[in-house]
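Structure record follows, encoded as C-alpha cells.
The chains referred to below are lettered A, B, ... by the order of the sequence lines, with proteins before strands, and numbering in each begins at 1. Only a predicted model underlies this, so the values are computations on that prediction, with no experimental measurement involved.
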Amino acid sequence: MTRRILVTSALPYANGPIHIGHLVEYIQTDIWVRFQKLIGNRCVYICADDTHGTAIMIRARKENRSEEDLIADMSGQHQRDFSGFHVQFDHYGSTHSEANREQCHFVWSALRKADLVVERSVDQLYDPEVGTFLADRFVRGTCPVCGREDQPGDNCVCGATYTPIELINPKSTLSGATPEVRSAVHLFVQLEKLRSLLSEWIDSSDALQKETANYLKGYFLAADKELKDWDISRPGPYFGFEIPDSPGNYWYVWFDAPIGYIGSTAQWCQAHGESLDDWWRSPETEIHHFIGKDITYFHTLFWPGMLHTAGFQLPTKVHIHGFLNVGGEKMSKSTGTLISAETYLKHADPDLLRYFYASKLTPRVEDLDLGIDEFVEKVNSDLVGKVVNLASRVGKFAGLTGLSTEYPDDGGLFERAAEAGDAIAAAYEATDYSRATRLIMELADAANPYVEHAKPWEMKKDPQRLDELRDVVTVALNLFRQLAIYLAPVLPSLADKCAALLGDPLTSWDQSKSPLLGTPVQKFKRMMERLQPEDIQKMIEESKQAADADAAAEALPSFNDSDQPLKDEPLAEEITIEDFAKVDLRVARVVAAEQVPEANKLLKLTLSLGGEERRQVFAGIKAAYEPEQLVGRLVVMVANLKPRKMRFGLSEGMVTAAGPGGAEVFILGIDEGAQPGQRVH
RNA sequence: GGGCCAGUAGCUCAGUUGGUUAGAGCAGACGACUCAUAAUCGUUUUGUCGCGGGUUCAAGUCCUGCCUGGCCUACCA
C-alpha cells in the first residue's frame with residue numbers, strides 16, 4: 001500500500017550560512033525522503049527559511065538594507081548550499097510569505113476561539129539606543145549571585161539562573177547601551193489547558209523516541225507542575241507579522257516558524273494543484289518532522305497544541321537528532337571546525353559527508369562525532385575500496401562484453417543480497433542508517449572475493465573464454481548495482497553514475513531484486529575520488545581564516561561615516577609628486593606649550609626636530625587642547641613654511657590638524673617609533 | 001541536585017526475547033595477486049565484555065550498588 005507522507009526539516013534561520021552541523025539534519029531527512037520515494041511511497045519534503053525576529057531586524061539595519069532584501073539573499077544562499085549537498089526539497093518557502101501569514105491568522109483565530117490566549121504585562125529590558133526590547137541573549141552583565149562579570153542574560157557559569165532584569169550593570173549587546181526596564185503587554189497561550197491532550201499524545205501516539213517521551217513526562221508534564229503559559233508576542237519594532245487583534249504587537253518568531261511548515265506546504269499545493277487538507281488534515285497522511293534536540297519542546301508541546309487547536313493532524317513522528325561534534329569537541333569558529341557548507345564543497349565531495357553521517361546516525365537522540373581521520377578512513381575504505389572498486393575492477397572488460405542474457409551462477413551472492421533488501425529497508429525506515437550502511441557493507445565485503453576468485457584478467461587473455469568473462473562481468477556489475485540501489489538514498493550521484501554505466505535508470509528499490517541482463521555497458525568512468533586528509537585540513541584552515549576575518553571586522557566600530565566633510569570642502573586640484581615634495585613635513589615633539597593670554601585662538605608651541613633644533617609655532621588650537629595635554633606629544637609639522645611674523649612673535653612653521661575649527665580640531669599624531677626630525681614622505 | 005544514555009579488541013561499533021570456544025570493519029603482522037583509484041584476496045595477533053555483589057543449570061545480555069564519560073534540566077535562533 002502506498003503511504004502518503006509529508007516530511008519537514010527544521011527551518012534554518014536566515015541569520016547565517018548553512019554549516020556542517022545543520023547538514024546532519026538535512027542529510028538525515030533527505031536520505032529518509034529519498035528512501036520513501038524509492039520504495040514507492042508518495043512523499044513530499046517541505047522546508048523554508050525562518051526569517052523573523054529581532055536578530056534579522058538588527059542585522060538588516062547594520063547592513064543598511066531592508067529585511068526583505070537580507071532574507072532573500074540568505075534564502076538564495078541556503079538553497080544553493082542544500083542543493084550542493086544533494087538535499088532535494090519538493091518545496092522551499094519562507095516564513096515571510098503571504099501563504100504563511102494566512103496560516104498564522106488561521107491558527108491564531110482558532111487559539112482565540114478556544115479561549116487559550118491571555119494578556120499580561122511583562123517587565124523587560126529595553127535598549128533606548130536601538131529602540132527595541134531585548135531578548136535574554138542580547139543582554140550581558142554581572143551575575144547577581146556570584147558577581148562574575150560579562151555573563152549572559154539568563155544564566156551564569158556559576159550555575160545560577162535569573163532574569164536579565166536581575167543582572168547587575170546590564171549592557172545591551174546590540175549597542176552597548178545600558179538598558180532600562182520597561183513594561184509592555186504580551187500575549188500568552190495557556191498550555192496547561194491542553195495538558196490532557198499533550199499527555200495522551202506523548203503516551204500513546206508513538207510519535208516520540210522513548211527517551212524524549214520520558215523526558216517530557218518527567219519534566220514538563222509532571223503531576224505537581226503546571227505547564228507555563230507561552231509568551232508568543234513581542235512588542236514592535238519587530239520583524240514579523242503584526243497580530244491582527246493586537247496592534248503594535250507581533251507574533252514571536254517561534255509562533256510563525258512551525259506554522260511555516262504549513263504555509264510552505266500551501267505554496268507547494270498551490271503550485272501542484274493539491275489540496276492542503278489532504279496533507280495536513282487527513283488521517284491518511286503521515287506527518288514527519290526532523291529536528292535537533294535543542295528545539296524539542298517547541299515541537300513536542302507548543303506545536304501539537306497549536307495543531308490540535310487549529311484542527312490539523314498531529315505529527316505522526318518527531319525524529320530528534322543530537323548535535324555534531326568535530327574531533328570530539330564542540331564545533332567552534334576559532335578552531336575552524338565550524339565549517340560552512342560552502343567551504344566544504346570547495347574541497348570535497350558532498351556524498352562523502354552524506355555517507356559518513358549515514359554511517360553514524362541512529363534513531364536515538366545522540367550527538368555524533370566527526371573524527372577527521374575516521375572520516376577519511378571510513379569513506380575511502382568503504383566507498384572507494386569496496387563499493388566503487390567493484391565496478392572499477394571489471395569496468396574495462398565490461399565495455400567489450402556487455403551483460404549476459406542469463407544470470408550466471410554466482411554461488412548465491414545476488415540472491416542473498418536481494419534478500420537482505422528487507423532488513424536494509426527496515427533500517428532506513430527506522431532512521432537507523434548506521435545499521436543500513438553496515439548491512440550494505442557486509443554485502444560489499446562478500447562481493448569482492450568473488451571477482452578475486454573468478455580471475456577475469458586471465459579470461460581476458462584467452463579469446464576462447466569471452467563468455468566466461470562476460471559472466472563474471474555480469475555478476476560483478478549486478479552486485480555493484482544492488483549496492484548502488486541500496487545506497488541510492490545516501491549517495492544519489494553514485495546511483496546516477498551506475499545508471500549511466502548500465503544504461504538503466506535506478507528508480508525503484510525493487511530493481512535490487514532482479515539482475516539487469518543482456519545490455520551493453522558504457523565506457524567506465526571514475527565514480528568517486530579518494531578523500532585526502534589535507535582536504536579536510538584545508539577546510540579547517542579556510543574556516544579559521546574566515547572566522548578571524550569576521551572577528552576582526554566585528555572588533556572594528558561600524559564605519560558609518562558622513563559625507564558632509566567632503567561636501568564642505570571638496571578635493572583640491574590634482575598635483576604631481578614633485579608638487580607634494582615641495583612641502584617638507586617633519587615629525588616634531590612638543591617640548592613646551594603655553595597660553596598666549598592676549599590671543600583668542602592661539603597656543604604658543606615649542607617644537608623639537610631632534611637635537612638642538614627648535615621651532616616656535618603659533619597654532620590655532622586653543623579651544624581644543626590644553627597646553628599640558630600637548631607637551632611630550634609627537635606632531636607633524638610643515639617645517640619649510642616661510643616664517644611669518646605675528647603680533648605675538650615669529651611663527652616658524654605649522655602644526656598639521658584637521659577639523660572645521662574651534663573646539664573641533666584634531667592634531668595629526670604619528671605611530672609609536674617615529675623620531676623627531678624624520679621627514680614624512 | 002534531579003533525569004536520561006553510554007562504557008565490548010589500538011580505533012569505530014554489532015551482539016535479537018539470558019544458552020555452546022564473544023563478533024565485524026578499519027588499523028597491525030605475514031603471504032598472494034595485478035583486473036582495479038598503492039585498490040583487492042587469504043591467513044593471522046589482541047578482549048578480566050567499566051568495577052563489586054546478586055538471581056540462574058547458564059549473564060556481555062536480568063537485578064542492585066559504585067566508578068567514568070556524555071547529554072538534558074521550558075522562552076536561544
Side-chain angles (χ1 to χ4, degrees), chain A residues 10-16 50-56 122 124 135-138 152-155 159 161 163 186 188 191 209-220 222 225 227-232 234 252-255 257 292-298 300-302 322-323 325 328 356 359-360 362 364-369 371 373-378 380-386 388-398 434-435 437-439 441-442 444-445 447-461 469 472-473 476 524 526-531:
Chain A
L11 312 187
Y13 199 50
N15 192 28
D50 179 15
T51 59
H52 290 155
T54 312
I56 299 295
V122 172
Q124 210 182 348
D136 293 2
R137 69 204 156 90
F138 293 130
D154 56 350
N155 70 84
T161 58
T163 74
H186 282 233
F188 292 81
L191 276 174
Q209 287 126 301
K210 200 187 284 174
E211 61 263 43
T212 305
N214 285 343
Y215 150 66
L216 293 172
K217 279 191 290 191
Y219 200 77
F220 296 99
K225 274 192 230 168
L227 283 162
K228 285 188 194 169
D229 293 347
W230 183 34
D231 182 356
I232 51 96
R234 294 292 182 271
Y252 174 46
V253 57
W254 264 111
F255 178 79
K293 65 184 182 181
D294 52 331
I295 54 178
T296 297
Y297 50 78
F298 291 106
T300 55
L301 295 174
F302 308 138
F323 290 154
N325 292 321
F356 185 74
S359 78
K360 288 280 183 179
T362 71
R364 290 184 292 275
V365 187
E366 288 172 332
D367 290 354
L368 57 141
D369 187 46
D373 293 340
E374 192 193 343
F375 177 34
V376 173
E377 275 170 22
K378 182 107 189 153
N380 286 343
S381 151
D382 285 5
L383 296 181
V384 181
K386 288 177 191 170
V388 170
N389 188 240
L390 185 61
S392 177
R393 62 193 311 193
V394 296
K396 275 186 191 155
F397 314 141
S434 156
R435 181 175 175 81
T437 54
R438 209 179 330 116
L439 292 171
M441 282 314 127
E442 279 176 20
D445 279 332
N448 270 304
Y450 168 83
V451 180
E452 195 80 13
H453 297 316
K455 298 188 170 60
W457 53 94
E458 286 177 6
M459 298 170 182
K460 189 188 131 201
K461 290 174 189 154
L469 180 61
V472 173
V473 165
F524 182 80
R526 277 181 166 247
M527 293 178 168
M528 205 173 267
E529 294 305 320
R530 240 156 221 287
L531 185 61

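- Here B:A39 presents its C1' atom at 12 Å from CH2 of A:W457, a figure rounded to the nearest Å.
- Each of A:E366, A:K378, A:E374 was compared with A:K360 under the side-chain contact (heavy atoms from CB on, under 4.5 Å) criterion, and only A:E374 meets it.
- Distance, A:F375 CZ to B:C13 P: 16 Å, rounded to whole Å.
- When rounded to the nearest whole Å, the span between NZ of A:K293 and P of B:G70 equals 12 Å.
- Counting only heavy atoms from C-beta on, A:D136 has its side chain closest to B:C75 among B:C71, B:G42, B:C75.
- Among the protein residues, A:K460 comes within range of no part of the nucleic acid, since none of its heavy atoms lies under 4.0 Å from any strand.
- Each of A:P449 and A:R435 was matched to the nucleotide of RNA chain B holding its nearest heavy atom; the match closer to the 5' end belongs to A:R435.
- Here the CZ atom belonging to A:F298 is positioned 10.0 Å from the OG1 atom belonging to A:T296, to the nearest 0.5 angstrom.
- A:V365 comes within 4.0 angstrom of no nucleic acid atom, judged by non-hydrogen atoms across all strands.
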Its dot-bracket string being built from Watson-Crick and G-U pairs below 3.5 Å, with | for another strand and [ ] for crossing, RNA chain B has the pattern (((((((..((((.....[...)))).(((((.......))))).....(((((..]....))))))))))))....
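- For B:A24, the OP1/OP2 oxygens have no side-chain nitrogen or oxygen of A:R438 closer than 4.0 Å.
- A salt bridge does not link A:K228 to A:D231: none of the charged side-chain nitrogens sits closer than 4.0 Å to a carboxylate oxygen.
- Residue A:N380 is classed as having no contact, given no heavy-atom separation below 4.0 Å to the nucleic acid.
- Between the CE atom of A:M441 and the P atom of B:G25 there is a distance of 13 Å, rounded to whole Å.
- Residue contacts for A:V394: at a heavy-atom cut-off of 4.0 Å it reaches no nucleic acid atom on any strand shown.
- Across all strands, A:G53 comes closer than 4.0 Å to no nucleic acid atom at all (heavy-atom distances).
- Looking at A:E442 and A:K386, no side-chain N of the basic residue comes within less than 4.0 Å of a carboxylate O on the acidic one, giving no salt bridge.
- When the C1' atom is used for both B:U40 and B:G60, the distance is 35 Å, rounded to whole Å.
- Of the P atoms belonging to B:G18 and B:C62, the separation is 8 Å, rounded to the nearest Å.
- Listed for the A:D369 side chain is a donor-acceptor partner under 3.5 Å among the backbone atoms of A:G328.
- Between the CZ atom of A:F298 and the P atom of B:C75 there is a distance of 8 Å, rounded to whole Å.
- Taking the side chain of A:Y297 as heavy atoms from C-beta on, and the options B:C26, B:U37, B:A74, the nearest nucleotide is B:A74.
- When the C1' atom is compared between B:G65 and B:A22, the two are found 26 Å apart, to the nearest whole Å.
- Between A:W230 atom CH2 and B:C75 atom P there is a gap of 13 Å when expressed in whole angstrom units.
- Spacing of C1' atoms, B:A27 relative to B:A9, comes out at 12 Å, to the nearest Å.
- The side chain of A:R526 lies closest to B:U37, out of B:A36, B:C41, B:U37.
- A:Q209 CD to A:T300 OG1: the interatomic distance, rounded to the nearest 0.5 Å, is 11.0 Å.
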Protein-proximity profile, nucleotides 2-12 of chain B, B/S/- by nucleotide at the 4.0 Å heavy-atom cutoff, equals --S-------S
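- Distance noted for atom P between B:G69 and B:A32: 49 Å (whole Å).
- Not counting sequence neighbours, A:D136 has no partner by the salt bridge (charged side-chain N to carboxylate O under 4.0 Å, His left out) test.
- Taking atom C1' on both nucleotides, B:C57 is separated from B:A14 by 28 Å, rounded to a whole Å.
- Looking at which nucleotide of RNA chain B each of A:E442 and A:R530 is closest to, the 5′-most match is held by A:E442.
- Spacing of C1' atoms, B:G47 relative to B:G2, comes out at 36 Å, to the nearest Å.
- For B:U68 and B:G50, the C1' atoms lie 8 Å apart once the distance is rounded to whole Å.
- Nucleic acid contact class of A:D294 (heavy atoms, under 4.0 Å, all strands): base.
- Within 4.0 Å of A:N389, counting heavy atoms only, lies at least one base atom of the nucleic acid.
- With sequence neighbours excluded, no residue forms a side chain to side chain donor-acceptor pair (under 3.5 Å) with A:R435.
- Between B:U37, B:C41, B:C26, one nucleotide has an atom nearer to the side chain of A:E377 than all others, and that is B:C26.
- The side chain to side chain donor-acceptor pair (under 3.5 Å) check on A:E529 picks up A:R526, with sequence neighbours excluded.
- In this structure, CG of A:L301 is placed 13 Å from P of B:C75, rounded to the nearest angstrom.
- Within 4.0 Å of A:F302, counting heavy atoms only, lies no atom of the nucleic acid at all.
- When the side chain to side chain donor-acceptor pair (under 3.5 Å) test is applied to A:T51, the partners found at least two apart in sequence or on another chain are A:T95.
- Among the atoms of the strands shown, none is found under 4.0 Å from any heavy atom of A:P456.
- Distance, A:K228 NZ to B:U73 C1': 11 Å, rounded to whole Å.
- A cation-pi contact links A:K293 to A:F323, judged by a cut-off of 6.0 Å to the six-membered ring centre and 45° from its axis.
- For A:W254, counting side-chain heavy atoms from C-beta on, the closest listed nucleotide (B:C35, B:C76, B:C75) is B:C76.
- In this structure, A:F302 and A:Y297 have perpendicular ring planes: the angle between them is above 60°, well past the 30° mark.
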